[in-house]
S.K.: 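Before anything else, here's the structure in question.
Just so it is clear, the structure is predicted and the values come from calculations on it, not from any experiment. Residues take their numbers from the sequence shown, with the count starting at 1.
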Amino acid sequence: MDLQTIAARTGLPLRKLRYVFDHRLLPGLRVKHATEMTGHPRYLTSLEALGVACAAALVEGGMRREAVVDVLTGLTILRWSSNGPKQSLTLLEKAGQTGVSPALASLADGAYLRFQIGKRDTSWLNRTSFAVEADFRPRVIVQVDVAALRDAIGI
């Protein structure tokens, strides 16, 4: 999937999607360039497209670069295992599965993350150590609906 398709399906500005690439906001992103085509468009897997759309939506919502990186790092590194280590999926992979709802990634007070995917909830986590903060009560929450972006992209 190319950036123009992601922009058309999600309604996100193309410049915000490009910003995600230019500023390396998505950890581990590997992009295939179509060097034979004019402009060398970037092609992504459906899961990578979802990650880029999440990052672009957070940037569009006014979130600082560092905070976007922390949210996307949580989505791409943290895992929930279903039936042992071989069945372990990253949060982004789980959120990318059709029919999994809700799929929400939240940042509170600029310092705490929370992921709600299906019936599972991480509770509030420190954004750098991912340690659970049991007594934390947020004042301000910024949230991205990963399921809505997934459905718009057509995964």
Side-chain angles (χ1 to χ4, degrees), residues 1-21 24-32 34 41-63 65 67-109 111-127 129-134 136-138 140-155:
M1 183 174 304
D2 64 3
L3 294 181
Q4 288 80 8
T5 303
I6 299 168
R9 291 182 181 179
T10 62
L12 291 166
L14 186 57
R15 63 185 168 78
K16 295 293 183 184
L17 295 167
R18 286 189 181 123
Y19 179 88
V20 171
F21 284 97
R24 302 186 195 295
L25 299 186
L26 190 61
L29 181 64
R30 291 181 213 106
V31 181
K32 182 179 179 183
R42 301 166 176 137
Y43 285 95
L44 308 164
T45 66
S46 296
L47 196 59
E48 290 168 333
L50 179 58
V52 169
C54 288
L58 291 168
V59 169
E60 180 73 2
M63 192 176 282
R65 180 191 180 283
V68 173
V69 170
D70 289 341
V71 171
L72 271 291
T73 298
L75 280 171
T76 57
I77 290 182
L78 291 176
R79 295 180 174 272
W80 274 329
S81 61
S82 303
N83 298 323
K86 292 187 179 179
Q87 298 295 322
S88 181
L89 297 174
T90 66
L91 300 183
L92 187 63
E93 290 168 336
K94 185 65 178 169
Q97 293 178 340
T98 304
V100 175
S101 194
L104 306 168
S106 307
L107 177 75
D109 298 346
Y112 300 94
L113 300 171
R114 185 176 196 162
F115 303 100
Q116 298 163 291
I117 300 174
K119 295 179 181 178
R120 299 190 73 180
D121 185 340
T122 63
S123 297
W124 290 107
L125 308 171
N126 181 292
R127 90 174 206 206
S129 68
F130 299 119
V132 174
E133 301 288 339
F136 175 69
R137 289 185 60 195
V140 176
I141 299 172
V142 177
Q143 182 172 278
V144 63
D145 187 343
V146 182
L149 290 172
R150 175 202 63 218
D151 296 343
I153 289 171
I155 295 177

S.K.: Of all the heavy-atom pairs spanning T122 and V132, show the shortest one and how long it is.
M.R.: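 That closest heavy-atom pairing would be O-CG2, 4.4 Å.
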
S.K.: Is the shortest heavy-atom distance from the side chain of T73 to the side chain of F130 under 4.5 Å?
M.R.: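 T73 reaches F130 side chain to side chain.
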
S.K.: Please give me the minimum heavy-atom distance between A49 and M1, naming the atom from each residue.
M.R.: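 Shortest heavy-atom contact: CB-SD, 3.9 Å.
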
S.K.: Looking at residues at least two apart in the chain, or sitting in another chain, which of them share a side chain to side chain donor-acceptor pair (under 3.5 Å) with T45?
M.R.: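 Partners of T45 under the side chain to side chain donor-acceptor pair (under 3.5 Å) test: E48.
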
S.K.: For the backbone of A111 and the side chain of D109, can you confirm whether one donor and one acceptor N or O come within less than 3.5 Å of each other?
M.R.: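 No; zero donor-acceptor contacts below 3.5 Å.
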
S.K.: Nearest 0.5 Å please: distance from the CG atom of L78 over to the CD1 atom of I117.
M.R.: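 So the CG of L78 and the CD1 of I117 are separated by 9.5 Å.
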
S.K.: Grab the two heavy atoms, one from L58 and one from V68, that are nearest each other, plus how far apart they are.
M.R.: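 Smallest interatomic distance, heavy atoms only, reads CB-CG2, 3.8 Å.
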
S.K.: Measure across G51 and L92 and return the closest heavy-atom pair with its distance rounded to 0.1 Å.
M.R.: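 Residues G51 and L92, closest heavy atoms: CA-CD2, 4.0 Å.
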
S.K.: Where the side chain of R150 meets the backbone of V100, is there a donor-acceptor pair that is under 3.5 Å apart?
M.R.: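 Yes, because the side chain of R150 sits within donor-acceptor range (under 3.5 Å) of the backbone of V100.
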
S.K.: Any side-chain heavy-atom pair from Y19 and R65 closer than 4.5 angstrom?
M.R.: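 Side chain of Y19 against side chain of R65, heavy atoms only: contact under 4.5 Å found.
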
S.K.: Which heavy atom of R9 sits nearest to which heavy atom of A152, and what is that distance?
M.R.: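 Result for this residue pair: CB-O, 3.3 Å.
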
S.K.: Which heavy atom in A57 sits nearest to a heavy atom in L149, and how many Å separate them?
M.R.: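 Closest approach of A57 to L149, heavy atoms only: CB-CD1, 4.1 Å.
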
S.K.: Determine yes or no for a side-chain-to-main-chain donor-acceptor pair under 3.5 angstrom, with S106 supplying the side chain and Q143 the backbone.
M.R.: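 Absent.
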
S.K.: Determine, using ring centers only, whether W124 and F136 are less than 6.0 Å apart.
M.R.: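 They qualify: ring centres under 6.0 Å apart.
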
S.K.: To the nearest 0.5 Å, tell me how far L12 CG sits from C54 SG.
M.R.: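 If we round to the nearest 0.5 Å, L12:CG and C54:SG are 9.5 Å apart.
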
S.K.: Please report the C-alpha distance between F21 and L44 in whole Å, then the side-chain angles of each, then the deciding distance to 0.1 Å, and finally whether the side-chain contact (heavy atoms from CB on, under 4.5 Å) criterion is met.
M.R.: CA-CA 11 Å; F21 284 97; L44 308 164; 3.6 Å; yes

S.K.: When you compare the side chain of M63 with that of V71, does any pair of heavy atoms fall below 4.5 Å?
M.R.: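 Touching, per the 4.5 Å side-chain cut-off.
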
S.K.: Could you check if a side-chain atom of R114 sits within less than 4.5 angstrom of a side-chain atom of L125, using non-hydrogen atoms only?
M.R.: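 Result no, sub-4.5 Å side-chain heavy-atom pair not found.
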
S.K.: Does the pair T90 and L75 meet the rule for a side-chain contact (heavy atoms from CB on, under 4.5 Å), with working shown?
M.R.: CA-CA 7 Å; T90 66; L75 280 171; over 6 Å; no

S.K.: Are L107 and I141 close enough, and set up right, to give a side-chain contact (heavy atoms from CB on, under 4.5 Å), and what steps lead you there?
M.R.: CA-CA 6 Å; L107 177 75; I141 299 172; over 6 Å; no

S.K.: Can you tell me if D145 uses its side chain to pair, donor with acceptor, with the backbone of L104 under 3.5 Å?
M.R.: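 Absent.
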
S.K.: Apply salt bridge (charged side-chain N to carboxylate O under 4.0 Å, His left out) to D70 and list each qualifying residue two or more places apart in sequence or on a separate chain.
M.R.: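 Applying salt bridge (charged side-chain N to carboxylate O under 4.0 Å, His left out) to D70 gives R127.
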
S.K.: Taking the side chain as every heavy atom from C-beta outward, state whether I6 and L3 have any atom pair closer than 4.5 Å.
M.R.: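 Side-chain contact under 4.5 Å: yes.
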
S.K.: Measuring only between side-chain heavy atoms, which start at C-beta, is I153 closer than 4.5 Å to T5?
M.R.: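 I153 does not reach T5 side chain to side chain.
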
S.K.: What do the steps show when you test L89 against Q97 for side-chain contact (heavy atoms from CB on, under 4.5 Å), and what is the final call?
M.R.: CA-CA 10 Å; L89 297 174; Q97 293 178 340; 3.2 Å; yes

